[in-house]
Amino acid sequence: MPDEVVDEAAEAGLPLEAPEEPSLEILRHSAAHLLAAAVTQLFPGAQYDVGPPIEDGFFYNFRLPDGRHFSDEDLAALQARTAELAAQHIPFTREVMPRDDARALFAGMGQDFKVDIIDRLGESVDAVGVYRTGDFVDLCRGPHVPDSGWLQAVKLLRVAGVYWRGDERNEQLQRVYGTAWFSEQDLDAYLERLAEAERRDHRRLGRELQLFDFDATAPGMPYWLPNGVIVLNELLAFWRDEHQRRGYQEIMSPLINEKRLWEISGHWDHYRTEMFVMPVDEQTAYGVKPMNCPNAMVVYNMRRHSYRELPLRLSDCDILHRFERSGTLHGLLRARKFQQDDAHIFVTEEQIEAEYDRIFEITHRFYSLFDLRYAFRLGTRPDDFIGDVETWDRAEAALLRILERHAGAGGFGVDAGEGAFYGPKIDIMMEDAIGRSWQMGTIQLDFQLPRRFGCTYVDTDGAERTPAVIHRVIYGSLERFVGVLIEHFAGHLPLWLAPVQCELVPVQDDAPEVMAYIESLQQRLNAAGLRAVVNDHHGERMQARVRDAELRKVPYVVVVGRRDVERGDDVVRVRDTRHGAQVDLAVDSLAAQLIDEVRARRPS
RNA sequence: GCCGACGUAGCUCAGUGGUAGAGCAGCGGUUUCGUAAACCGCUGGCCGGGAGUUCGAAUCUCCCCGUCGGCUCCA
């Protein structure tokens with residue numbers, strides 16, 4: 001995503017008119033200028049590239065003298081200097097300058113990036129905007145706040161190395177990220193929002209709730225703990241049920257295949273750097289599968305097929321491994337080991353659109369269950385593609401039509417060049433707790449792999465034809481999906497997914513009649529298919545056990561004591577931890593209510 | 001992989017050149033209590049790993065591993 005290229009277009013050109021009231025975007029753009037002014041003061045000779053406003057803040061990219069890098073101490077010093085400049089109420093002044101004059105100005109200051117930006121401007125641009133803040137001069141269209149006194153609620157957040165113009169083949173520049181608001185209160189509210197996001201972080205909650213963990217010997221490869229396996233199994237059971245009734249047939253296949261398979265599929269040439277490869281002797285190497293598709297082709301080819309069988313829907317939930325670069329790993333959201341809820345559907349070309357409709361139906365069924373916000377994105381032909389352009393164009397046109405029908409024109413984004421190497425795709429995108437966007441489900445159209453593997457079916461006229469294949473996942477990866485769910489629900493999973501659905505707490509754990517009753521209660525709930533456990537942690541008071549259940553985000557907690565047993569009416573007090581409510585319920589009603597909630601898979 | 005930061009008990013963290021600490025968790029005991037933390041005691045550490053500097057290193061330097069935030073890449 002070379003968004004810097006876009007930003008440059010916004011930076012250079014004739015100045016824009018300032019509105020009556022500066023917007024947050026203007027404020028942040030001005031904050032970026034002030035930061036750059038501080039950098040040029042503290043690091044004489046620093047060259048500045050682009051510094052746009054972004055969501056919640058701004059950044060600015062620099063090349064520091066002598067190849068220096070920003071450290072955290074530098075960040076603190078820049079924060080202090082920026083604050084000083086803000087306190088001085090330095091005006092932002094704008095002027096329009098002939099292009100050649102501006103070029104000479106920036107060339108004279110040794111600002112190579114600005115000269116470069118000017119040189120890459122279109123022919124028609126003959127004048128550009130130049131803004132000054134004290135001694136600091138920038139090529140910019142503005143608009144800006146009147147003076148730096150507006151920039152009191154600015155906080156520099158972090159430093160990062162970034163590739164010039166977003167391309168890793170280029171040199172790495174030094175970027176400073178910051179946030180800016182109209183008031184200290186707004187700034188504090190924003191920082192509090194970040195803190196809240198941190199509390200929802202699935203990596204923290206995953207450990208606290210004992211869902212999964214990691215070990216240093218398997219970076220990026222989650223260990224699923226007993227609680228987490230319950231969540232996974234519930235998601236998969238639901239998935240299998242929904243797919244069986246829609247005509248999917250599940251297969252399982254080897255996790256490793258000889259290199260030859262990956263050569264046929266094209267992964268050896270196009271995906272090898274992301275594969276775990278294991279040499280077994282001088283001649284032979286095995287590749288651990290990063291995708292299920294090649295083995296789905298192998299299964300398809302294990303017998304001959306008739307046109308009557310199509311669409312043939314082979315599903316597959318095997319575990320995949322991808323050798324993701326170390327710096328990209330992020331808990332469950334970016335892992336090296338994950339399980340996809342995969343399927344490969346062999347179709348004739350005429351069947352493609354109808355099959356996509358069916359897949360969209362499944363998608364809505366699943367995503368609406370969780371009250372999740374999601375968006376579609378079309379990924380088109382990448383530079384590194386296999387096959388021919390005409391086939392790609394045809395496939396992309398089909399997906400575009402389908403998307404327009406399901407999401408409406410403009411109801412989806414298009415990411416040029418982001419398709420898989422074998423075909424274009426429709427992705428389902430979701431955001432995590434701090435607003436980062438992740439690809440979840442994906443529906444990919446592929447004319448290449450069936451051809452490479454020689455997949456055929458016998459058509460009505462007896463001729464052998466090659467089917468197309470739709471690769472599709474709904475959850476995406478189970479790991480990523482669970483990660484997003486945890487953050488979405490802040491750990492309070494829907495009842496049907498909760499590892500413990502109901503916790504039973506005795507008031508007096510030394511009273512045999514109480515313990516006998518509570519154990520019978522557990523048996524009744526378990527027999528009804530509910531996951532109920534007794535918390536009789538010895539030596540703790542009832543209050544401590546309730547707190548413990550709260551912290552583990554158990555949806556329902558039932559406290560039972562002598563008074564209940566003596567009353568003998570089978571009514572218990574139920575604590576609903578997600579809604580902070582308590583209610584007296586007959587045990588039968590409690591069971592019925594929970595079963596109903598599980599069956600409906602209500603999100604909360 | 002690149003830039004920055006971090007790594008001390010199961011967890012959260014203090015300790016910045018001179019004998020490794022706290023809270024929580026765990027274990028033992030006392031307590032049996034009515035909806036978010038009872039009390040007392042006890043365990044628990046190659047201070048991520050390796051090399052170096054130093055009389056002496058958790059602390060300083062270098063290399064490696066892992067983690068976190070970006071970049072790039074992606075389910």
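It should be emphasised that the depicted structure is a prediction, and the values quoted were computed from it without experimental measurement. All chains are named by letter (A, B, ...) in the order of the sequence lines, taking the proteins before the strands, and each is independently numbered beginning at 1.
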Ignoring hydrogens and angles, write down the donor-acceptor pairs under 3.5 Å from the side chains of residues 504-511 of chain A, residues two or more places apart or on other chains.
| from | atom 1 | to | atom 2 | distance (Å) |
| --- | --- | --- | --- | --- |
| A:Q508 | OE1 | A:R562 | N | 3.0 |
| A:D509 | OD2 | A:R545 | NH2 | 2.5 |

Could you state the [atom1]-[atom2] distance from [X] to [N], rounded to the nearest angstrom?
X: A:D415; N: B:A75; atom1: CG; atom2: P; answer: 11 Å
X: A:F214; N: B:G10; atom1: CZ; atom2: C1'; answer: 18 Å
X: A:Y556; N: B:U35; atom1: OH; atom2: C1'; answer: 16 Å
X: A:D72; N: B:G4; atom1: CG; atom2: C1'; answer: 6 Å
X: A:R578; N: B:A36; atom1: CZ; atom2: P; answer: 18 Å
X: A:F323; N: B:G1; atom1: CZ; atom2: C1'; answer: 9 Å
X: A:L551; N: B:A25; atom1: CG; atom2: P; answer: 11 Å
X: A:E513; N: B:U32; atom1: CD; atom2: C1'; answer: 12 Å

Looking at [options], which one has an atom nearest to any side-chain atom of [X]?
X: A:R562; options: B:C33, B:G1, B:A75; result: B:C33
X: A:E324; options: B:G34, B:U35, B:A75; result: B:A75
X: A:V546; options: B:G70, B:A36, B:A75; result: B:A36
X: A:T328; options: B:A38, B:G1, B:C74; result: B:G1
X: A:S326; options: B:A75, B:G34, B:G1; result: B:G1
X: A:F338; options: B:A75, B:A36, B:A37; result: B:A75
X: A:S71; options: B:U32, B:A75, B:A5; result: B:A5

Open item on the list: Reading RNA chain B from 5' onward, which residue's closest nucleotide shows up sooner: A:R203 or A:E73?
Closed with: A:E73

Open item on the list: Both A:Q340 and A:D548 contact RNA chain B. Taking the nearest nucleotide for each, which residue is further toward the 5' end?
Closed with: A:D548

Donor-acceptor pair under 3.5 Å: do we get one between [X]'s side chain and the base of [N]?
X: A:Y177; N: B:G4; result: no
X: A:R547; N: B:A37; result: yes
X: A:D74; N: B:G4; result: no
X: A:R207; N: B:C11; result: no
X: A:Q439; N: B:A75; result: no

[N] phosphate, OP1 or OP2, under 4.0 Å from [X] side-chain N/O:
X: A:K425; N: B:A75; result: yes
X: A:R545; N: B:A37; result: no
X: A:R541; N: B:U31; result: no
X: A:H330; N: B:G70; result: no
X: A:H69; N: B:G4; result: yes
X: A:R325; N: B:G1; result: no
X: A:Q174; N: B:C3; result: no

Mind checking who [N] pairs with, Watson-Crick or G-U wobble, both distances under 3.5 Å?
N: B:U67; answer: B:A5
N: B:U31; answer: none
N: B:C11; answer: B:G23
N: B:A57; answer: none
N: B:G44; answer: none

State plainly whether the residues [X] and [Y] are in salt-bridge range, i.e. N to O under 4.0 Å.
X: A:R472; Y: A:D342; answer: no
X: A:R207; Y: A:D213; answer: no
X: A:R63; Y: A:E171; answer: yes

Task: A:D570 (side chain) donor-acceptor with A:A586 (main chain) under 3.5 angstrom - done: no

Task: N/O donor-acceptor pair under 3.5 Å between A:Q522 side chain and A:A532 backbone - done: yes

Open item on the list: For A:F43, run the ring-ring contact (aromatic ring centres under 6.0 Å, His included) check against A:Y48, A:F70, A:F62 and tell me which one passes.
Closed with: A:F70

Task: Distance-only polar pair, side chains of A:T442 and A:D427, donor-acceptor under 3.5 Å - done: yes

Open item on the list: Need one value for A:R158: base, sugar-phosphate or nothing, where a base atom within 4.0 Å counts as base even if backbone is also close, heavy atoms only.
Closed with: sugar-phosphate

Open item on the list: Apply the syn/anti split at 90° from 0 to B:U16 and say which one it is.
Closed with: syn

